[in-house]
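All figures in this text were calculated on a predicted structure; none of them were measured in a lab.
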2 protein chains.
Amino acid sequence: MHFNKGEIVINTLRSVTIKDVAAAAQVSIATVSRVINHTGTVKPELADRVQQAIQELNYSPNSVARSLKTASTSTIAFLVSNISDPFFTTIGRGIEDYIKDFGYNLIVCSIDSSKEKELSYLQMLKEKMVDGIILNTTGFNDEAICELSHQLPIVLSNRRINASVFNGDFVDNDNTSGIYQLTQHLIHLGHRKIGFINGPMHLSTAAERHKGFCDAMKSIGITIDDSYPYAYYGNFSAQSGYDGAKKLMKAEDRPTALVLMNSELALGALRYFAESNIQIPEDLSIVSFGDIHNRELLYVTPTVASTNLMGIGYKMGELLLDRINRKNEIANREVCFVTQISYGNSTKEIPAE
Amino acid sequence: MHFNKGEIVINTLRSVTIKDVAAAAQVSIATVSRVINHTGTVKPELADRVQQAIQELNYSPNSVARSLKTASTSTIAFLVSNISDPFFTTIGRGIEDYIKDFGYNLIVCSIDSSKEKELSYLQMLKEKMVDGIILNTTGFNDEAICELSHQLPIVLSNRRINASVFNGDFVDNDNTSGIYQLTQHLIHLGHRKIGFINGPMHLSTAAERHKGFCDAMKSIGITIDDSYPYAYYGNFSAQSGYDGAKKLMKAEDRPTALVLMNSELALGALRYFAESNIQIPEDLSIVSFGDIHNRELLYVTPTVASTNLMGIGYKMGELLLDRINRKNEIANREVCFVTQISYGNSTKEIPAE
DNA sequence: GCGAGATAAGTAAACGATTCCACAAAACGA
DNA sequence: TCGTTTTGTGGAATCGTTTACTTATCTCGC
């Protein structure tokens with residue numbers, strides 16, 4: 001508070017406003033506003049006086065007041081199932097990197113795959129007047145999201161919405177092709193009894209990856225239906241990976257290879273294999289979708305379809321800001337990121353039976 | 001928009017305000033506000049009318065306007081070096097879990113150990129009127145943070161500030177004791193040539209862990225000074241871990257054990273050992289500070305001082321909200337979380353030389 | 001029955017910016 | 001020289017709330 005030398009500062013708590021600056025520079029608040037925002041015209045001489053007053057008073061504009069008037073907060077929200085999941089935080093980092101250059105901030109919310117949490121966060125964020133939302137939805141609130149999408153720019157992250165009236169963009173990996181390639185890899189190694197562990201089929205990611213698997217199996221004449229013996233559906237968590245691996249490997253008729261439909265499932269499965277002394281790839285070949293943190297340092301390096309998460313985040317930030325600038329009045333867009341197979345040592349050729 | 005059956009909606013963009021509710025319920029806006037906030041007294045009959053109007057109009061209050069008036073946004077910020085680092089996101093999850101029950105949101109910002117980024121984020125957040133900040137500081141802006149701490153509640157996460165005029169709380173692991181115990185463990189196994197890889201010493205975490213190491217070594221009569229041959233200082237990144245391990249292991253006089261001062265350093269070092277075929281623990285024993293994601297799935301399970309990150313986050317949320325409620329007018333507090341040694345298979349007894 | 005105190009509701013002033021509008025002064029073209 | 005446009009500035013409304021203040025009504029003890 002060195003700017004008040006010799007005077008007693010009456011009220012340090014009250015922060016300096018545009019009024020104080022106007023008074024100090026002996027101009028109107030309108031002029032101060034014009035100087036700050038570089039709008040309208042103002043004489044250089046006055047502008048200097050204002051700038052000087054701003055310096056001396058250490059003034060910075062109040063974003064909240066500005067937001068109220070301009071109806072925009074320069075804040076966007078990122079809703080994910082769990083902010084401590086590296087998958088999402090890497091995407092989040094990509095988003096943040098992109099938007100920060102435009103003066104935007106990121107609010108991050110964990111909705112824990114809970115229908116209620118998702119709804120209540122959406123409500124709260126609408127009240128807070130965030131400028132847009134990037135949403136990895138639970139899949140349980142499609143109607144509400146569709147309605148919201150007409151009031152607020154929304155970009156869907158990785159999970160599509162099953163409704164035609166949705167107004168927004170969608171970014172995802174090429175799930176079908178990624179899993180197709182992984183499965184083909186196993187097929188080429190001679191595997192036929194190929195199991196899979198997937199998440200809930202109402203999520204587009206699960207459904208699309210399932211399709212990739214079916215397509216590949218179809219190419220060798222195997223049709224996947226409800227009676228397919230080597231299938232397990234969980235919820236994209238490590239626990240499901242563990243449980244699924246256990247169930248499939250305890251069955252009389254074991255698969256010789258396993259497709260894990262996301263990295264959490266893979267980690268859970270690896271835990272089970274370690275505990276139960278199942279050797280990878282000697283006893284079982286595995287592949288999985290999505291990058292794994294420090295994958296090369298694991299006791300076995302899984303072959304994966306690797307994804308460009310930072311890139312996805314960056315792209316989603318780009319789409320959302322564009323949508324914000326264009327007042328949400330554009331046609332839906334979809335961006336699909338191709339995956340790249342990254343080979344580890346988790347698969348092995350099998351002699352044809 | 002089903003609430004306007006049969007009528008033409010003139011302006012869907014303009015959202016419904018407290019005025020509309022007041023008009024619909026035929027009361028004043030003051031009464032509506034009283035109903036919403038449960039303040040003052042209002043006849044049940046009127047309250048009902050208001051509630052009904054709120055329902056029918058699908059009204060939700062505008063947080064920005066409320067924030068302007070009440071000078072609080074129910075938002076707190078979490079500033080970390082990198083939001084994609086699991087260490088921080090786990091803490092973040094703890095914070096979020098605590099604060100969400102009180103209607104608070106979390107803004108997450110990556111400052112990348114950059115002095116400028118930290119400063120500009122702090123400025124931006126002040127303008128946005130966040131109610132408080134949880135800060136894992138770069139260590140380069142102590143004065144600015146001290147000044148800010150008198151205007152805005154601040155809780156420091158894991159990195160202390162070297163200034164007496166700081167006004168806020170501090171939460172950390174017991175760095176000194178954690179490293180002391182880890183080092184003692186190596187000593188008990190017979191190691192004497194114990195190297196370490198640390199972060200920059202201007203960070204309190206680095207300094208405190210260094211002290212733990214020195215204390216332990218002192219107990220066997222070894223004093224650590226600048227000439228200690230088995231030392232490497234980097235920046236708490238995996239790259240530093242890799243580089244440090246390389247340098248120490250390429251020297252003529254190798255250490256027989258290594259203390260890694262955080263988990264990133266440990267992962268980087270593990271990568272080097274894997275590449276250069278150094279067997280752990282046969283060729284080298286290692287220990288490290290802090291949990292490692294999926295530690296048991298690594299090719300070697302490091303012995304670590306494990307930390308309760310969720311708990312730390314939760315505690316920081318608690319301290320910050322308390323500080324907010326008490327208008328930042330309380331004495332500084334410090335909370336220290338004890339660590340727990342979690343044994344892996346990365347250490348081995350050495351025959352006394 | 002009447003004044004004091006409680007209760008209930010409304011009016012209007014904030015909060016701190018942006019921006020429309022009015023208007024004065026300067027610049028300009030004929 | 002006199003309109004007409006351009007430029008620069010200030011006044012005041014506005015954004016959507018909360019809340020201090022006011023006023024009207026009601027309750028109640030004496």
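Going from atom NZ of B:Lys19 over to atom C1' of D:dC15 covers 9 Å, rounded to whole Å. To the nearest angstrom, P of C:dA9 lies 14 Å from CD of B:Gln26. The CG atom of B:Leu57 sits 14 Å away from the P atom of D:dG16 (whole-angstrom rounding). Here C:dG16 presents its C1' atom at 7 Å from OH of A:Tyr59, a figure rounded to the nearest Å. With rounding to whole Å, A:Lys43 atom NZ is found 13 Å from C:dA27 atom C1'. Here the P atom of nucleotide D:dT18 and the CD atom of A:Glu127 are 11 Å apart, to the nearest Å. Atoms CD1 (B:Ile18) and P (D:dT19) sit 11 Å apart, rounded to a whole Å. In this structure, CG of A:Asp48 is placed 14 Å from P of D:dG8, rounded to the nearest angstrom.
By the 4.5 Å heavy-atom criterion applied to side chains, B:Ile36 and B:Val21 are not counted as neighbours. Annotation: side chain of A:Tyr121 is in contact with side chain of B:Asn105 (closest heavy-atom distance under 4.5 Å). For the pair B:Ile95 and B:Leu320, the minimum side-chain heavy-atom distance is 4.5 Å or more.
Regarding contacts with the backbone of D:dG10, a side-chain N or O of A:Ser28 is found under 4.0 angstrom from either OP1 or OP2.
The minimum heavy-atom distance between B:Glu96 and A:Val108, with the atom names listed, is OE2-O, 3.8 Å.
Projected onto DNA chain C by closest heavy-atom contact, B:Leu46 and B:Leu68 fall at different nucleotides, the more 5' of which corresponds to B:Leu46.
For B:Lys69, counting side-chain heavy atoms from C-beta on, the closest listed nucleotide (D:dG8, D:dT18, D:dG16) is D:dT18. Of all nucleotides listed (C:dA9, C:dT18, D:dG16), D:dG16 comes nearest to the side chain of B:Asn62. Nearest nucleotide to the A:Thr41 side chain, out of C:dT18, D:dT7, D:dT17: D:dT7. For A:Thr70, whose side chain is taken as the heavy atoms from C-beta onward, the closest listed nucleotide among C:dC15, C:dT18, D:dT9 is C:dT18.
If you run side chain to side chain contact (heavy atoms under 4.5 Å, CB included) between A:Phe78 and each of A:Ile99, A:Ile91, A:Ile83, A:Thr89, only A:Ile91 comes through.
Using modelled atom types and a 3.5 Å distance limit, the side chains of A:Lys128 and B:Thr75 yield a donor-acceptor pair. For the residue pair B:Gln51/B:Gln55, the side-chain donor-acceptor check at 3.5 Å is not satisfied.
With salt bridges taken as basic N to acidic carboxylate O contacts below 4.0 Å, none links A:Glu118 and A:Lys115. Salt-bridge annotation for B:Arg93 and A:Asp112: present, with a side-chain N of the basic residue lying under 4.0 Å from a carboxylate O of the acidic one.
Residue-level contact check: A:Val27 touches the backbone only, with heavy atoms under 4.0 Å from sugar-phosphate atoms and none from bases.
Listed for the B:Ser149 side chain is no donor-acceptor partner under 3.5 Å among the backbone atoms of B:Ile154.
Heavy-atom distances under 4.0 Å link DNA chain C to B:Ala30, B:Thr31, B:Arg34 of residues 29-38 of chain B, given in residue order.
Five base pairs at each end of the helix from C:dG1-D:dC30 to C:dA30-D:dT1 define two local axes, and these are offset by 40° (rounded to 10°).
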